[in-house]
There are 2 protein chains.
Amino acid sequence: MLPSIELQLINKKVKPTAMRLLVLEILYKDRNAVSLSDLVSKFERAEKSTLFRTLKTFEEKKIIHRIDDGTGSVKYALCADDCDDMHEDEHIHFVCTVCKNTICLNNIKIPSINLPNNFKLNDLQIIAKGICDKCNS
Amino acid sequence: MLPSIELQLINKKVKPTAMRLLVLEILYKDRNAVSLSDLVSKFERAEKSTLFRTLKTFEEKKIIHRIDDGTGSVKYALCADDCDDMHEDEHIHFVCTVCKNTICLNNIKIPSINLPNNFKLNDLQIIAKGICDKCNS
DNA sequence: GCTAACTTTGCAACCCGGTTGCACGAAAGA
DNA sequence: TCTTTCGTGCAACCGGGTTGCAAAGTTAGC
Ligand SMILES: [Mn+2]
Ligand SMILES: [Mn+2]
Ligand SMILES: [Zn+2]
Ligand SMILES: [Zn+2]
(Lines give C-alpha, C1' and ligand atoms only; values in the text may rest on other atoms or scores of the structure.)
(Ligands and ions follow the chains in the order given, each with its own letter.)
Protein backbone atom coordinates (compact mmCIF):
# COMPACT_ATOMS: atom_id res chain seq x y z
CA MET A 1 0.00 0.00 0.00
CA LEU A 2 1.62 3.10 -1.31
CA PRO A 3 1.86 6.03 1.10
CA SER A 4 0.09 8.16 -1.50
CA ILE A 5 -3.02 6.06 -1.07
CA GLU A 6 -3.15 6.79 2.60
CA LEU A 7 -2.57 10.45 1.91
CA GLN A 8 -5.38 10.58 -0.57
CA LEU A 9 -7.80 9.23 2.01
CA ILE A 10 -6.65 11.74 4.57
CA ASN A 11 -6.96 14.55 2.05
CA LYS A 12 -10.52 13.56 1.32
CA LYS A 13 -11.28 13.37 5.03
CA VAL A 14 -11.73 9.63 5.19
CA LYS A 15 -10.08 7.70 7.96
CA PRO A 16 -7.54 5.33 6.41
CA THR A 17 -8.61 2.02 7.88
CA ALA A 18 -7.03 -1.21 6.75
CA MET A 19 -10.07 -2.18 4.72
CA ARG A 20 -10.25 1.16 2.96
CA LEU A 21 -6.59 1.14 2.09
CA LEU A 22 -6.87 -2.30 0.57
CA VAL A 23 -9.94 -1.39 -1.48
CA LEU A 24 -8.43 1.84 -2.70
CA GLU A 25 -5.26 0.04 -3.64
CA ILE A 26 -7.23 -2.36 -5.81
CA LEU A 27 -8.98 0.52 -7.49
CA TYR A 28 -5.62 2.15 -8.19
CA LYS A 29 -3.96 -0.91 -9.61
CA ASP A 30 -6.76 -2.21 -11.80
CA ARG A 31 -7.50 -0.41 -15.02
CA ASN A 32 -10.94 -2.02 -15.00
CA ALA A 33 -13.85 -0.72 -13.00
CA VAL A 34 -14.77 -3.00 -10.09
CA SER A 35 -18.13 -4.07 -8.74
CA LEU A 36 -19.10 -4.91 -5.21
CA SER A 37 -19.09 -8.61 -5.97
CA ASP A 38 -15.70 -8.23 -7.67
CA LEU A 39 -14.38 -6.95 -4.37
CA VAL A 40 -16.09 -9.67 -2.37
CA SER A 41 -14.42 -12.37 -4.42
CA LYS A 42 -11.12 -10.52 -4.59
CA PHE A 43 -10.70 -10.56 -0.81
CA GLU A 44 -12.56 -13.78 -0.14
CA ARG A 45 -12.41 -12.87 3.50
CA ALA A 46 -14.32 -9.65 3.92
CA GLU A 47 -17.89 -8.75 4.54
CA LYS A 48 -20.08 -7.64 1.66
CA SER A 49 -21.73 -4.94 3.73
CA THR A 50 -18.41 -3.52 4.82
CA LEU A 51 -17.19 -3.37 1.25
CA PHE A 52 -20.52 -1.85 0.24
CA ARG A 53 -20.14 0.89 2.81
CA THR A 54 -16.53 1.43 1.83
CA LEU A 55 -17.60 2.05 -1.77
CA LYS A 56 -20.44 4.25 -0.59
CA THR A 57 -18.09 6.34 1.51
CA PHE A 58 -15.60 6.65 -1.33
CA GLU A 59 -18.36 7.74 -3.67
CA GLU A 60 -19.68 10.33 -1.25
CA LYS A 61 -16.21 11.71 -0.72
CA LYS A 62 -15.65 11.90 -4.48
CA ILE A 63 -12.86 9.38 -4.48
CA ILE A 64 -14.62 7.07 -6.92
CA HIS A 65 -17.52 7.38 -9.32
CA ARG A 66 -20.29 4.96 -10.11
CA ILE A 67 -20.63 3.37 -13.55
CA ASP A 68 -23.94 1.95 -14.64
CA ASP A 69 -22.92 -0.05 -17.65
CA GLY A 70 -26.10 -2.05 -18.01
CA THR A 71 -24.46 -5.34 -17.08
CA GLY A 72 -26.61 -5.69 -14.00
CA SER A 73 -24.04 -4.72 -11.43
CA VAL A 74 -22.82 -1.24 -10.69
CA LYS A 75 -19.11 -0.68 -11.10
CA TYR A 76 -16.79 1.89 -9.63
CA ALA A 77 -13.60 3.56 -10.75
CA LEU A 78 -11.33 6.28 -9.47
CA CYS A 79 -12.34 9.85 -10.03
CA ALA A 80 -10.04 12.19 -11.86
CA ASP A 81 -7.87 14.39 -9.69
CA ASP A 82 -9.85 17.46 -10.63
CA CYS A 83 -13.15 15.90 -9.60
CA ASP A 84 -14.27 18.53 -7.14
CA ASP A 85 -17.68 19.26 -5.84
CA MET A 86 -19.80 18.50 -8.82
CA HIS A 87 -18.55 14.94 -9.11
CA GLU A 88 -18.63 15.38 -12.87
CA ASP A 89 -16.49 12.66 -14.29
CA GLU A 90 -17.68 13.14 -17.79
CA HIS A 91 -16.13 10.56 -19.98
CA ILE A 92 -17.07 7.54 -22.02
CA HIS A 93 -17.13 4.07 -20.50
CA PHE A 94 -16.19 1.10 -22.58
CA VAL A 95 -17.56 -2.38 -21.95
CA CYS A 96 -15.67 -5.24 -23.56
CA THR A 97 -18.00 -8.00 -24.67
CA VAL A 98 -15.15 -10.51 -24.57
CA CYS A 99 -13.44 -10.03 -21.21
CA LYS A 100 -16.53 -8.34 -19.71
CA ASN A 101 -14.42 -5.57 -18.26
CA THR A 102 -15.46 -1.95 -18.04
CA ILE A 103 -12.91 0.79 -18.65
CA CYS A 104 -12.98 4.55 -18.25
CA LEU A 105 -11.92 6.25 -21.48
CA ASN A 106 -10.71 9.47 -19.96
CA ASN A 107 -9.03 10.79 -23.06
CA ILE A 108 -11.88 10.57 -25.53
CA LYS A 109 -13.79 13.74 -26.10
CA ILE A 110 -17.50 13.55 -25.26
CA PRO A 111 -19.50 14.48 -28.33
CA SER A 112 -22.16 17.13 -28.15
CA ILE A 113 -25.72 16.46 -29.15
CA ASN A 114 -28.69 18.59 -30.04
CA LEU A 115 -31.86 17.80 -28.14
CA PRO A 116 -35.34 18.59 -29.45
CA ASN A 117 -36.92 21.93 -28.62
CA ASN A 118 -37.40 22.71 -24.97
CA PHE A 119 -35.42 19.76 -23.64
CA LYS A 120 -32.74 20.67 -21.13
CA LEU A 121 -29.64 18.51 -20.95
CA ASN A 122 -27.84 18.03 -17.66
CA ASP A 123 -25.82 14.88 -18.11
CA LEU A 124 -24.78 12.65 -20.95
CA GLN A 125 -23.87 9.05 -20.19
CA ILE A 126 -22.20 7.13 -22.95
CA ILE A 127 -21.54 3.41 -22.86
CA ALA A 128 -19.52 2.06 -25.75
CA LYS A 129 -19.66 -1.68 -26.23
CA GLY A 130 -17.22 -3.68 -28.27
CA ILE A 131 -13.86 -5.38 -28.01
CA CYS A 132 -11.08 -3.88 -25.93
CA ASP A 133 -7.50 -3.51 -27.09
CA LYS A 134 -6.33 -6.49 -25.09
CA CYS A 135 -8.97 -8.83 -26.48
CA ASN A 136 -8.77 -7.50 -30.03
CA SER A 137 -5.99 -9.62 -31.49
CA MET B 1 -57.67 -1.80 -29.56
CA LEU B 2 -56.87 -0.64 -33.03
CA PRO B 3 -56.96 -3.33 -35.70
CA SER B 4 -53.44 -2.32 -36.72
CA ILE B 5 -52.18 -3.50 -33.38
CA GLU B 6 -53.59 -6.94 -33.94
CA LEU B 7 -52.15 -6.97 -37.43
CA GLN B 8 -48.73 -6.04 -36.18
CA LEU B 9 -48.72 -9.00 -33.81
CA ILE B 10 -49.80 -11.34 -36.58
CA ASN B 11 -47.14 -9.93 -38.88
CA LYS B 12 -44.48 -10.60 -36.28
CA LYS B 13 -45.82 -14.12 -35.77
CA VAL B 14 -47.11 -13.55 -32.25
CA LYS B 15 -50.53 -14.82 -31.36
CA PRO B 16 -52.70 -11.80 -30.52
CA THR B 17 -54.00 -12.75 -27.09
CA ALA B 18 -56.02 -10.30 -25.05
CA MET B 19 -53.11 -9.60 -22.73
CA ARG B 20 -50.71 -8.95 -25.57
CA LEU B 21 -53.09 -6.62 -27.33
CA LEU B 22 -53.57 -4.58 -24.19
CA VAL B 23 -49.86 -4.33 -23.50
CA LEU B 24 -49.05 -3.40 -27.07
CA GLU B 25 -51.76 -0.79 -27.03
CA ILE B 26 -50.21 0.82 -23.96
CA LEU B 27 -46.83 0.85 -25.65
CA TYR B 28 -48.37 2.51 -28.69
CA LYS B 29 -50.21 5.19 -26.81
CA ASP B 30 -47.58 6.19 -24.31
CA ARG B 31 -44.67 8.24 -25.51
CA ASN B 32 -42.75 7.13 -22.44
CA ALA B 33 -40.96 3.85 -22.17
CA VAL B 34 -42.63 1.47 -19.73
CA SER B 35 -41.18 -0.90 -17.17
CA LEU B 36 -42.53 -4.20 -15.96
CA SER B 37 -43.73 -2.63 -12.73
CA ASP B 38 -45.32 0.19 -14.70
CA LEU B 39 -47.41 -2.43 -16.45
CA VAL B 40 -48.24 -4.26 -13.27
CA SER B 41 -49.64 -1.11 -11.70
CA LYS B 42 -51.30 0.01 -14.92
CA PHE B 43 -53.47 -3.10 -15.09
CA GLU B 44 -53.74 -3.71 -11.39
CA ARG B 45 -55.27 -7.04 -12.24
CA ALA B 46 -52.64 -8.97 -14.13
CA GLU B 47 -49.86 -11.28 -13.18
CA LYS B 48 -46.30 -9.96 -13.11
CA SER B 49 -44.93 -13.12 -14.66
CA THR B 50 -47.39 -12.98 -17.53
CA LEU B 51 -46.48 -9.38 -18.24
CA PHE B 52 -42.83 -10.28 -17.95
CA ARG B 53 -43.22 -13.01 -20.54
CA THR B 54 -45.24 -10.73 -22.77
CA LEU B 55 -42.42 -8.21 -22.79
CA LYS B 56 -39.92 -10.99 -23.34
CA THR B 57 -41.84 -12.29 -26.32
CA PHE B 58 -42.21 -8.82 -27.79
CA GLU B 59 -38.51 -8.23 -27.41
CA GLU B 60 -37.59 -11.52 -29.04
CA LYS B 61 -39.91 -10.81 -31.92
CA LYS B 62 -38.41 -7.33 -32.37
CA ILE B 63 -41.61 -5.52 -31.50
CA ILE B 64 -40.04 -3.62 -28.62
CA HIS B 65 -36.52 -2.86 -27.48
CA ARG B 66 -35.06 -2.76 -24.02
CA ILE B 67 -33.77 0.46 -22.47
CA ASP B 68 -31.30 0.34 -19.61
CA ASP B 69 -31.47 3.88 -18.34
CA GLY B 70 -29.74 3.27 -15.05
CA THR B 71 -32.82 3.94 -12.97
CA GLY B 72 -32.85 0.42 -11.62
CA SER B 73 -35.66 -0.95 -13.72
CA VAL B 74 -35.46 -1.90 -17.37
CA LYS B 75 -37.84 -0.07 -19.65
CA TYR B 76 -39.25 -0.97 -23.05
CA ALA B 77 -40.43 0.99 -26.05
CA LEU B 78 -41.64 0.19 -29.53
CA CYS B 79 -39.08 -0.60 -32.16
CA ALA B 80 -38.95 1.43 -35.32
CA ASP B 81 -40.74 -0.07 -38.29
CA ASP B 82 -37.47 -0.80 -40.04
CA CYS B 83 -36.13 -2.73 -37.07
CA ASP B 84 -35.43 -6.00 -38.82
CA ASP B 85 -33.14 -8.78 -37.86
CA MET B 86 -30.38 -6.89 -36.16
CA HIS B 87 -32.67 -5.26 -33.62
CA GLU B 88 -30.57 -2.14 -33.94
CA ASP B 89 -32.64 0.68 -32.59
CA GLU B 90 -29.83 3.12 -32.44
CA HIS B 91 -31.02 6.30 -30.93
CA ILE B 92 -30.58 8.39 -27.83
CA HIS B 93 -32.74 7.85 -24.75
CA PHE B 94 -33.72 10.77 -22.60
CA VAL B 95 -34.46 10.45 -18.90
CA CYS B 96 -36.32 13.34 -17.30
CA THR B 97 -35.18 13.95 -13.76
CA VAL B 98 -38.47 15.68 -12.93
CA CYS B 99 -41.21 13.37 -14.18
CA LYS B 100 -38.87 10.34 -14.18
CA ASN B 101 -40.01 9.32 -17.63
CA THR B 102 -37.79 7.85 -20.30
CA ILE B 103 -38.28 8.82 -23.93
CA CYS B 104 -36.81 7.56 -27.20
CA LEU B 105 -35.34 10.42 -29.19
CA ASN B 106 -35.62 8.85 -32.60
CA ASN B 107 -34.84 11.97 -34.57
CA ILE B 108 -31.55 12.95 -33.00
CA LYS B 109 -28.48 11.87 -34.83
CA ILE B 110 -26.15 9.61 -32.88
CA PRO B 111 -22.72 11.23 -32.71
CA SER B 112 -19.64 9.34 -33.76
CA ILE B 113 -16.71 8.88 -31.43
CA ASN B 114 -13.11 7.89 -31.86
CA LEU B 115 -11.94 5.10 -29.64
CA PRO B 116 -8.31 4.57 -28.63
CA ASN B 117 -6.09 2.39 -30.79
CA ASN B 118 -7.14 -1.19 -31.22
CA PHE B 119 -10.55 -0.82 -29.61
CA LYS B 120 -13.43 -2.09 -31.74
CA LEU B 121 -16.82 -0.42 -31.35
CA ASN B 122 -19.98 -2.43 -31.79
CA ASP B 123 -22.64 -0.45 -30.03
CA LEU B 124 -23.03 3.00 -28.56
CA GLN B 125 -25.62 3.56 -25.86
CA ILE B 126 -26.39 7.14 -24.97
CA ILE B 127 -28.53 8.19 -22.04
CA ALA B 128 -29.24 11.90 -21.84
CA LYS B 129 -30.49 13.14 -18.48
CA GLY B 130 -32.20 16.44 -17.91
CA ILE B 131 -35.62 18.03 -18.05
CA CYS B 132 -38.10 17.07 -20.71
CA ASP B 133 -40.12 19.51 -22.77
CA LYS B 134 -43.25 18.96 -20.72
CA CYS B 135 -41.55 19.57 -17.40
CA ASN B 136 -39.41 22.46 -18.66
CA SER B 137 -41.73 25.40 -18.15
C1' DG C 1 -67.87 -32.53 -32.01
C1' DC C 2 -64.07 -34.99 -29.39
C1' DT C 3 -59.72 -35.71 -28.17
C1' DA C 4 -54.75 -34.90 -28.13
C1' DA C 5 -50.93 -31.59 -28.51
C1' DC C 6 -49.43 -27.26 -27.82
C1' DT C 7 -49.59 -22.45 -25.94
C1' DT C 8 -50.62 -19.06 -22.57
C1' DT C 9 -51.60 -17.82 -17.97
C1' DG C 10 -51.56 -17.68 -12.74
C1' DC C 11 -49.30 -18.62 -8.70
C1' DA C 12 -45.60 -19.39 -5.76
C1' DA C 13 -41.15 -19.74 -5.08
C1' DC C 14 -36.67 -18.43 -6.13
C1' DC C 15 -32.35 -15.63 -7.40
C1' DC C 16 -29.21 -11.97 -6.87
C1' DG C 17 -27.51 -7.35 -6.31
C1' DG C 18 -28.03 -4.06 -3.24
C1' DT C 19 -29.21 -2.20 1.46
C1' DT C 20 -30.19 -1.78 6.49
C1' DG C 21 -30.65 -2.66 11.77
C1' DC C 22 -28.15 -3.91 15.33
C1' DA C 23 -24.62 -5.24 18.43
C1' DC C 24 -19.83 -5.56 19.21
C1' DG C 25 -15.12 -3.96 19.13
C1' DA C 26 -11.63 -0.48 17.85
C1' DA C 27 -10.25 4.14 17.87
C1' DA C 28 -10.43 8.98 19.25
C1' DG C 29 -11.32 12.52 22.56
C1' DA C 30 -12.05 14.40 27.24
C1' DT D 1 -9.30 5.96 32.20
C1' DC D 2 -13.98 6.77 30.86
C1' DT D 3 -16.97 8.21 27.33
C1' DT D 4 -18.28 8.92 22.77
C1' DT D 5 -17.81 8.14 18.06
C1' DC D 6 -16.76 5.25 14.23
C1' DG D 7 -16.02 0.93 11.60
C1' DT D 8 -17.07 -3.82 11.07
C1' DG D 9 -19.55 -8.38 10.93
C1' DC D 10 -23.64 -10.75 10.73
C1' DA D 11 -28.21 -11.54 9.56
C1' DA D 12 -32.13 -10.19 7.69
C1' DC D 13 -34.45 -7.65 4.34
C1' DC D 14 -35.91 -5.43 -0.24
C1' DG D 15 -37.24 -5.13 -5.05
C1' DG D 16 -36.62 -6.21 -9.79
C1' DG D 17 -36.35 -9.95 -12.39
C1' DT D 18 -36.92 -15.02 -13.46
C1' DT D 19 -38.50 -19.91 -13.37
C1' DG D 20 -41.14 -24.51 -12.40
C1' DC D 21 -45.31 -26.27 -12.50
C1' DA D 22 -50.06 -27.06 -12.99
C1' DA D 23 -54.49 -25.17 -14.68
C1' DA D 24 -56.88 -23.04 -18.39
C1' DG D 25 -57.29 -21.95 -23.09
C1' DT D 26 -56.35 -22.66 -27.95
C1' DT D 27 -55.43 -25.29 -32.16
C1' DA D 28 -55.42 -29.25 -35.12
C1' DG D 29 -56.35 -34.11 -36.32
C1' DC D 30 -59.76 -37.27 -36.57
MN1 LIG E 1 -15.21 6.45 -15.40
MN1 LIG F 1 -35.72 3.64 -27.79
ZN1 LIG G 1 -11.64 -7.16 -23.33
ZN1 LIG H 1 -40.36 15.31 -17.58
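Chain A is the first sequence line, chain B the second, and so forth, proteins listed ahead of strands; every chain is numbered from 1. Computed from heavy atoms alone, side chains included, the values below leave out hydrogens, waters and symmetry copies.
We find that CZ of B:Phe52 is positioned 16 Å from P of C:dC15, with the value rounded to whole Å. Taking atom CG on A:Asp68 and atom P on C:dG17, their separation rounds to 14 Å, with Å as the unit. Separating the CG atom of A:Leu22 from the P atom of D:dG7 is a distance of 16 Å, rounded to the nearest angstrom. In this structure, CD of B:Glu59 is placed 14 Å from C1' of D:dT18, rounded to the nearest angstrom. As a whole-Å value, the separation of B:Leu51 CG from D:dG15 C1' is 17 Å. One atom, CG of B:Leu9, and another, P of D:dT26, lie 16 Å apart when rounded to the nearest Å. Between the NZ atom of B:Lys61 and the C1' atom of C:dT8 there is a distance of 13 Å, rounded to whole Å. One interatomic measurement links the two molecules: NZ of B:Lys56 to C1' of D:dG20, which rounds to 13 Å at whole-angstrom precision.
Looking at which nucleotide of DNA chain C each of B:Arg20 and B:Glu47 is closest to, the 5′-most match is held by B:Arg20. Each of A:Arg53 and A:Lys48 was matched to the nucleotide of DNA chain D holding its nearest heavy atom; the match closer to the 5' end belongs to A:Arg53.
Aromatic rings from A:Phe58 and A:Tyr76 are positioned such that their centres are separated by 6.0 Å or more.
Looking at heavy-atom distances under 4.0 Å, A:Thr50 makes contact with a base.
Residues A:Lys75 and A:Asp30 are not paired through a salt bridge, judged by the lack of any N-O separation under 4.0 Å between the basic side chain and the carboxylate.
In this structure, B:Asp38 contributes its side chain and B:Ser35 its backbone to a donor-acceptor pair below 3.5 Å.
The side chain of A:Ser73 sits closest to C:dG18 out of D:dT18, C:dG18, C:dT8. Between D:dT8, C:dT8, D:dG17, one nucleotide has an atom nearer to the side chain of A:Met19 than all others, and that is D:dT8.
Under the side-chain hydrogen bond (donor to acceptor under 3.5 Å, both in side chains) criterion, no residue pair touches residues 11-21 of chain A, with sequence neighbours excluded.
Each of A:Val23, A:Ile64, A:Leu24, A:Val14 was evaluated against A:Thr54; a single residue qualifies, A:Val23, per the side-chain contact (heavy atoms from CB on, under 4.5 Å) test.
Side-chain N/O atoms of A:Ser49 and base N/O atoms of D:dC10 include a donor-acceptor pair closer than 3.5 Å.
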